[in-house]
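Fair warning: this is a prediction, and the values are worked out from it, not measured in the lab.
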Amino acid sequence: MNITKRNFGSAILGAALIAAASSISPLSHGQAHAAEGGELVLGLGGSPPTLLGAVQSGFGTGQPGSQLFASPLRYDEDWTPQPYLAKSWSFSEDGLTLTLDLVENATFHDGEPIEAHDVAFSIMAVKANHPFKTMLSPVDRVETIDNHTVAIHLTHKHPVLLLTMAPVLMPIMPEHIYGDAELRGHPRSLQNVVGSGPFMLTEFVADQHIILDRNPNYFIADRPKLDRLVYRTIRDRSNMLLSMQRGEVHYNAYTSLTLRDVDRIKKNGDGLVATDVGYQAVGPLNWIAFNTQREPWTDKRVRQAIAYAVDKEFIIEKMQLGLSTRASGPIANGSPFHTADVPQYDYDPDKAMALLDEAGFEPDANGVRMNINIDWIPGSQEYGKNVGEAVKAQLKKIGVNATVRSLPDFGSWIGRIAGENDYDLSLETVFNWGDPVIGVHRTYVTSNIRKGVPFSNTSLYSNPEVDALLDKAAVEADAEERTKLYHEFQKIIAEDVPLHHLHVVPYFTVHSDKLMDLPEGIWGGMAPFDRAYWTE
């Protein structure tokens, strides 16, 4: 009945199912000189719209949500799944059924036992409500075999399934609380939340703080170590830095500090540590999207010319202080499916001008070949407006006059880019979300050209060969064969350039140097803090 990695590839690496085929002990770490209890204050750049990760993606929900809700599995730093609510798991020989054997001592925050029917309810709730529709689309039904065993039945092989079982993507919720009403907008999505994780909600005050207290009945012995987590909302980046320097905030992840702040901390320390460990699954890419159905962007040569005219190294080394990494294609560098063996676009303005000449865009008497607009996502000045201004200056050298347009809010950007497709170039930061099925396919498949939907295929790119490759990769069980398919896909995209990938966005975790055993797996701060402790 059970199979190994050679028969059915894991969501990410073939090695994962060696771990999956049997029960594994949770990760253990040393705790020399650990101080018992204490409070950890974490900075958030905004207030989340919900604490239910079943209906919402993103850092705002994902960070506190992963403390409130446990999940079947959790992930370490090398993409290997580890037991959590599921003590062991196995696939059927045909790869169409995944059986989870649940721990037997777990309870929800209200004292009710966590049972198979709660897991079945949660999986189907995520499928019905989460914005990542491809994540669980092959799940046909979830069978409760007994109180602590569930069988997930698939319509076809789904190599991403194990990865979806992390806290940030699959929170296990009590059916007796959340099965009584629509999950979106549920009255207990921000207040009186009942979870299954290491911490329990004490207070939520929008735009101020979220207070989580230690779950005394957590199913993993002697955890969590900390007594309380306090998420403070601090929207201003300079205030975030000052709060950390004064010791008022002890931990901050993702985008709430500027790169200059991070660079200063990396050099001077002052009781703080800055690390980029723990963002492999997020896979944040910054790119220039072309409106491929608008002239002149229908011509691949014009898109390639823009790619050659952009000086990535200047953006990375000068503007981003060497803290970001060059991107070569649609799959981020931290993914096991990434390859750099694709057509590259090193800075070459002469080649750019030759391509524009070939495409029929010769300079006029004033040296101007065309006038274009560059849009950027409001709120992302460091990776949006600032990069846009640099690209504008670089394009001017090849006779392309660009106007960097600013919009008042995110909704306006969605309307222009996804709704009206009224743009030439758009600077965007979009995430891989662990597996290409979740976060990459959506940008390139023809079927995901969805008017008005942000972060879908808004470049209107359509290539039957790419569609076929991604369809095949989505169901390919063998990890090695799946990797080959994604390598071929990346080469085609690099050649076609529906988007020009600039760099991997440099996310950092900054924290007090007195904190130990913080989550350093592939989801960073969107993972349980049950092992974290103060050294003094």
Side-chain angles (χ1 to χ4, degrees), residues 40-46 58-60 62-63 77 230-287 312-327 332-334 376-390 427-432 501-527 529 532:
L40 171 59
V41 181
L42 306 94
L44 282 181
F59 305 143
Q63 292 186 73
E77 65 279 0
V230 179
Y231 289 88
R232 283 184 54 194
T233 299
I234 304 175
R235 295 185 182 275
D236 184 84
R237 285 178 159 190
S238 60
N239 286 342
M240 183 73 78
L241 177 63
L242 288 172
S243 295
M244 297 203 75
Q245 290 173 329
R246 291 194 293 251
E248 298 167 355
V249 172
H250 314 123
Y251 178 99
N252 177 256
Y254 304 100
T255 59
S256 295
L257 293 170
T258 68
L259 290 178
R260 293 198 179 278
D261 291 340
V262 171
D263 188 55
R264 190 178 303 116
I265 291 166
K266 285 174 71 69
K267 291 176 179 175
N268 301 325
D270 296 328
L272 297 173
V273 174
T275 175
D276 60 358
V277 172
Y279 297 95
Q280 303 97 305
V282 179
L285 290 173
N286 209 36
W287 64 49
K312 288 185 184 181
E313 299 308 315
F314 173 81
I315 293 170
I316 292 169
E317 296 300 327
K318 302 299 183 183
M319 299 181 65
Q320 297 173 359
L321 308 177
L323 295 176
S324 64
T325 304
R326 177 171 174 152
N333 303 22
W376 56 283
I377 301 175
S380 60
Q381 181 134 338
E382 197 162 25
Y383 307 115
K385 187 176 188 297
N386 293 353
V387 173
E389 293 293 348
L427 274 162
E428 302 169 0
T429 299
V430 182
F431 305 150
N432 278 189
H501 303 88
L502 299 175
H503 61 91
V504 179
V505 176
Y507 287 157
F508 284 86
T509 298
V510 177
H511 62 84
S512 167
D513 61 9
K514 303 296 190 297
L515 280 167
M516 297 295 166
D517 270 2
L518 294 164
E520 294 184 342
I522 59 174
W523 293 108
M526 294 186 292
F529 276 69

Original post:
Tell me, do Glu248 and Val41 make a side-chain contact under 4.5 Å, heavy atoms counted?
Top reply: no
When every non-hydrogen atom of Ala390 is compared with those of Met319, the smallest separation belongs to CB-SD, 3.5 Å
The single option from His503, Glu317, Glu313 that satisfies side chain to side chain donor-acceptor pair (under 3.5 Å) with Arg326 is Glu313
Residues at least two apart in sequence or cross-chain that pass side-chain contact (heavy atoms from CB on, under 4.5 Å) with Asp270, listed by chain then number, are Asn268
Between Gln63 and Ala253 the two heavy atoms that sit nearest each other are OE1-CB, 4.1 Å
Between Ile265 and Ala274 the two heavy atoms that sit nearest each other are CG2-CB, 4.0 Å
ask   = Can you tell if the side chain of Thr509 reaches within under 4.5 Å of the side chain of Tyr251, non-hydrogen atoms only?
value = yes
Rounded to the nearest 0.5 Å, the CG atom of Leu40 sits from the OG atom of Ser512 at a distance of 9.0 Å
For Leu44 and Gly60, the nearest pair of non-hydrogen atoms, with its separation, is CD1-O, 4.5 Å
Should the pair Tyr507 and Phe59 be assigned to parallel (<30°), tilted (30 to 60°) or perpendicular (>60°) ring geometry?
perpendicular
The salt bridge (charged side-chain N to carboxylate O under 4.0 Å, His left out) partners of Glu520 (sequence neighbours excluded) come to none
Heavy-atom neighbours of Arg260 CZ exceed 12 at 6.0 Å
no
Output for pair (Arg237 CZ, Leu257 CG), nearest 0.5 Å, gives 7.5 Å
Side chain proximity check, Gln320 to Glu382, heavy atoms < 4.5 angstrom: no
Evaluate the side chain to side chain contact (heavy atoms under 4.5 Å, CB included) criterion for residues Leu242 and Gln245: first the C-alpha distance (whole Å), next the side-chain angles of each, then the deciding distance (0.1 Å), finally the verdict.
-> CA-CA 5 Å; Leu242 288 172; Gln245 290 173 329; 3.7 Å; yes
- Query: Ignoring hydrogens and geometry, is there a side-chain-to-backbone donor-acceptor pair from Lys312 to Ala327 under 3.5 Å?
  - Reply: yes
Salt bridge (charged side-chain N to carboxylate O under 4.0 Å, His left out) filter on Asp276, not counting sequence neighbours, yields none
Just do the side chain to side chain contact (heavy atoms under 4.5 Å, CB included) check on Leu285 and Val504 with the steps written out, would you?
CA-CA 5 Å; Leu285 290 173; Val504 179; 3.9 Å; yes
Check: Val430 and Trp287 side chains under 4.5 Å, non-hydrogen atoms
yes
Using atom types as modelled and distance alone, determine if a side-chain donor or acceptor of Asn252 lies under 3.5 Å from a backbone N or O of Gly43.
-> yes
Interatomic distance, CE@Met244 vs CG@Asn239, rounded to 0.5 Å, equals 13.5 Å
So CG of Leu272 and NE2 of His511: to nearest 0.5 Å the spacing works out to 9.0 Å
Report task. Take Leu323 and Lys266 through the side chain to side chain contact (heavy atoms under 4.5 Å, CB included) test and state the conclusion after the steps. Result -> CA-CA 11 Å; Leu323 295 176; Lys266 285 174 71 69; 4.2 Å; yes
So CD1 of Ile315 and OH of Tyr383: to nearest 0.5 Å the spacing works out to 12.5 Å
On a heavy-atom basis, the closest approach of Gly334 and Gln280 is O-CB, 4.0 Å
State whether the side chain of Glu428 and the backbone N or O of Ile377 hold a donor-acceptor pair below 3.5 Å, judged by distance alone.
no
**Asked** Are the side chain of Asp261 and the backbone N or O of Leu241 linked by a donor-acceptor pair below 3.5 Å?
**Response** no
| said: Using side chain to side chain contact (heavy atoms under 4.5 Å, CB included), reason through Tyr254 and Tyr279 one step at a time and then give a plain yes or no. | reply: CA-CA 9 Å; Tyr254 304 100; Tyr279 297 95; 3.0 Å; yes
CG (Asn386) and CD (Gln381) are apart, to the nearest 0.5 Å, by 5.0 Å
What one should report as the nearest heavy-atom pair of Leu259 and Pro506 is CD2-CG, 3.6 Å
